[in-house]
Protein chains: 2
Amino acid sequence: MFSIGQLSKQTGVKVPTIRYYEQVGLLVSAGRTEGNQRRYDTDGLERLGFIRHARDLGFSIEAITALIDLQQHPDRSCQEATQIAQHQLTDVREKLLRLKALETELVRIADGCDGEGNSDECYVLASLADHQHCRGEH
Amino acid sequence: MFSIGQLSKQTGVKVPTIRYYEQVGLLVSAGRTEGNQRRYDTDGLERLGFIRHARDLGFSIEAITALIDLQQHPDRSCQEATQIAQHQLTDVREKLLRLKALETELVRIADGCDGEGNSDECYVLASLADHQHCRGEH
DNA sequence: CTTGAAGCTCTAGTGACTAGAGGTTGTAGA
DNA sequence: TCTACAACCTCTAGTCACTAGAGCTTCAAG
């Protein structure tokens, strides 16, 4: 049996975050001591590892809830899990495209100015004021 | 003189968002009508355009406040603006790296499973449960 | 002068935590 | 067995950048 602090150390998830996960129904403790402190078993440890990993990959709490639900019904089709992962992948790819465009634009803006001179002739400020300067879309 | 709705149409920024910008001190209206409705001049229009553009590029409200502050003191050095833009660029590049790693990982996970079979043998779920499967860091 | 779209303020909700107050429990050492 | 204190508990409120809704008032076209 682990205390919430031990669980935290082993998974790298902060104590208040673990309590938050309980609050939203993601991770329930195995039980409580007489003094009302949470105790977890290895099941809880694994579950939190799963949550942590999925969060690191950017899955939302909602998506993780669905995935855990799926885990607990081993007879249900795997398709749903694949769909969730695919959706996440699409999402990440969209963000990537967007960020790449931003990077290009920011390089242009930030490098256009040497930092000398006063702000009334600053290229950074001028670029932000006038979208015309931009090459791409955003 | 523009109403808040006209300003919204011209810039593509939603009406409640414009009011929110006022609340946080980013954009003050030129004045009010007798009936207490906001009225803006071309200055406000340009200012909102600036804000919109900077937000699209991912600058925080705080950073934009600093940039606008700089605009209003044309005698101050341009260096500060360049610094803010450089910081934003660094930030975007970090996010890019992270997202690229996630993409790789998600491709591996999502493509490893054909969606057939049941969830007790699902590669997506197994991968999420076990970080060992991962090739890179995240 | 009427109608209704557009405006107003205020409060609360979003997601995924994080911070702090103020009180209680578990456990190691004396 | 006692004591000290780290770790635990609950609850509320704050973060960021909006968004939604209630309930009311004003503006402008016909």
Side-chain angles (χ1 to χ4, degrees), chain A residues 1-40 44 48 50-68 84 87-88 91-92 95 98 102 138, chain B residues 1-40 44 48 50-68 84 87-88 91-92 95 98 102 138:
Chain A
M1 289 298 222
F2 314 105
S3 70
I4 197 168
Q6 289 168 326
L7 208 66
S8 169
K9 256 186 203 145
Q10 294 206 46
T11 57
V13 178
K14 287 181 192 159
V15 169
T17 305
I18 299 175
R19 287 199 274 252
Y20 168 73
Y21 287 157
E22 178 175 306
Q23 201 188 307
V24 297
L26 255 193
L27 177 69
V28 192
S29 66
R32 300 271 183 140
T33 64
E34 278 190 25
N36 199 33
Q37 298 196 357
R38 279 165 258 250
R39 286 299 113 103
Y40 299 87
L48 187 55
F50 180 94
I51 296 169
R52 161 104 220 250
H53 194 184
R55 281 298 300 139
D56 279 353
L57 288 166
F59 287 84
S60 69
I61 297 283
E62 199 189 343
I64 298 173
T65 305
L67 288 169
I68 285 179
I84 295 172
H87 184 272
Q88 180 62 19
D91 208 67
V92 164
K95 278 184 192 151
R98 209 179 126 67
L102 290 198
H138 48 245
Chain B
M1 288 298 220
F2 314 105
S3 70
I4 196 168
Q6 290 170 325
L7 208 66
S8 169
K9 256 187 202 144
Q10 294 206 46
T11 57
V13 178
K14 287 180 192 159
V15 169
T17 305
I18 299 175
R19 286 198 276 252
Y20 168 74
Y21 287 157
E22 178 176 307
Q23 201 189 306
V24 298
L26 255 193
L27 177 69
V28 193
S29 66
R32 299 270 183 141
T33 63
E34 278 189 25
N36 199 34
Q37 299 197 356
R38 278 164 258 250
R39 286 298 112 106
Y40 300 88
L48 187 54
F50 181 94
I51 296 169
R52 159 103 221 250
H53 194 185
R55 282 297 299 139
D56 279 353
L57 289 166
F59 287 85
S60 69
I61 297 283
E62 199 188 346
I64 298 172
T65 306
L67 288 169
I68 285 180
I84 294 173
H87 184 272
Q88 180 63 19
D91 207 66
V92 164
K95 279 184 193 151
R98 209 179 127 68
L102 290 198
H138 48 244

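Lettering follows sequence order; numbering is per chain, from 1.
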Inset, instruction - May I have the distance from A/Glu22 (atom CD) to D/dC8 (atom C1'), rounded to whole angstrom? - result: 13 Å
Inset, instruction - Would you mind reading off the distance between A/Phe2 atom CZ and C/dG26 atom C1', rounded to a whole angstrom? - result: 18 Å
Inset, instruction - Starting at atom CG of B/Leu7, determine the distance to atom C1' of C/dA6, rounded to an integer number of angstrom. - result: 14 Å
Legend entry - Nucleotide C/dC17, atom C1' - distance to CG of A/Asp56 in whole Å: 14 Å
Inset, instruction - Look up atom CD1 in A/Ile18 and atom NZ in A/Lys14, then write down how far apart they are to the nearest 0.5 Å. - result: 11.5 Å
Legend entry - B/Arg98 side chain to B/Leu102 backbone, donor-acceptor under 3.5 Å: no
Inset, instruction - Map B/Gln23 and B/Ile4 onto DNA chain C by nearest heavy atom, then report which one ends up closer to the 5' terminus. - result: B/Ile4
Inset, instruction - Using a 4.0 Å heavy-atom cut-off across all strands, classify B/Arg38 as base, sugar-phosphate, or nothing. - result: sugar-phosphate
Legend entry - Residue-phosphate contact under 4.0 Å: B/Arg19 side-chain N/O, C/dC8 OP1/OP2: yes
Inset, instruction - Report yes if some heavy atom in the side chain of A/Ile4 is under 4.5 Å from a heavy atom in the side chain of A/Arg19; otherwise report no. - result: yes
Legend entry - Sidechain N-carboxylate O distance under 4.0 Å for B/Glu22, B/Arg32: yes
Inset, instruction - Give the B/S/- string for nucleotides 17-30 of chain D, one per nucleotide from 5' to 3', where a protein heavy atom under 4.0 Å of the base yields B, of only the sugar-phosphate yields S, and otherwise -. - result: BBS------SS---
Legend entry - Nucleotide C/dA16, atom P - distance to CG of A/Leu27 in whole Å: 16 Å
Inset, instruction - To the nearest 0.5 Å, tell me how far A/Leu26 CG sits from A/Tyr21 OH. - result: 7.0 Å
Inset, instruction - Check whether any side-chain heavy atom of A/Met1 lies under 4.5 Å from a side-chain heavy atom of A/Gln6, and answer yes or no. - result: no
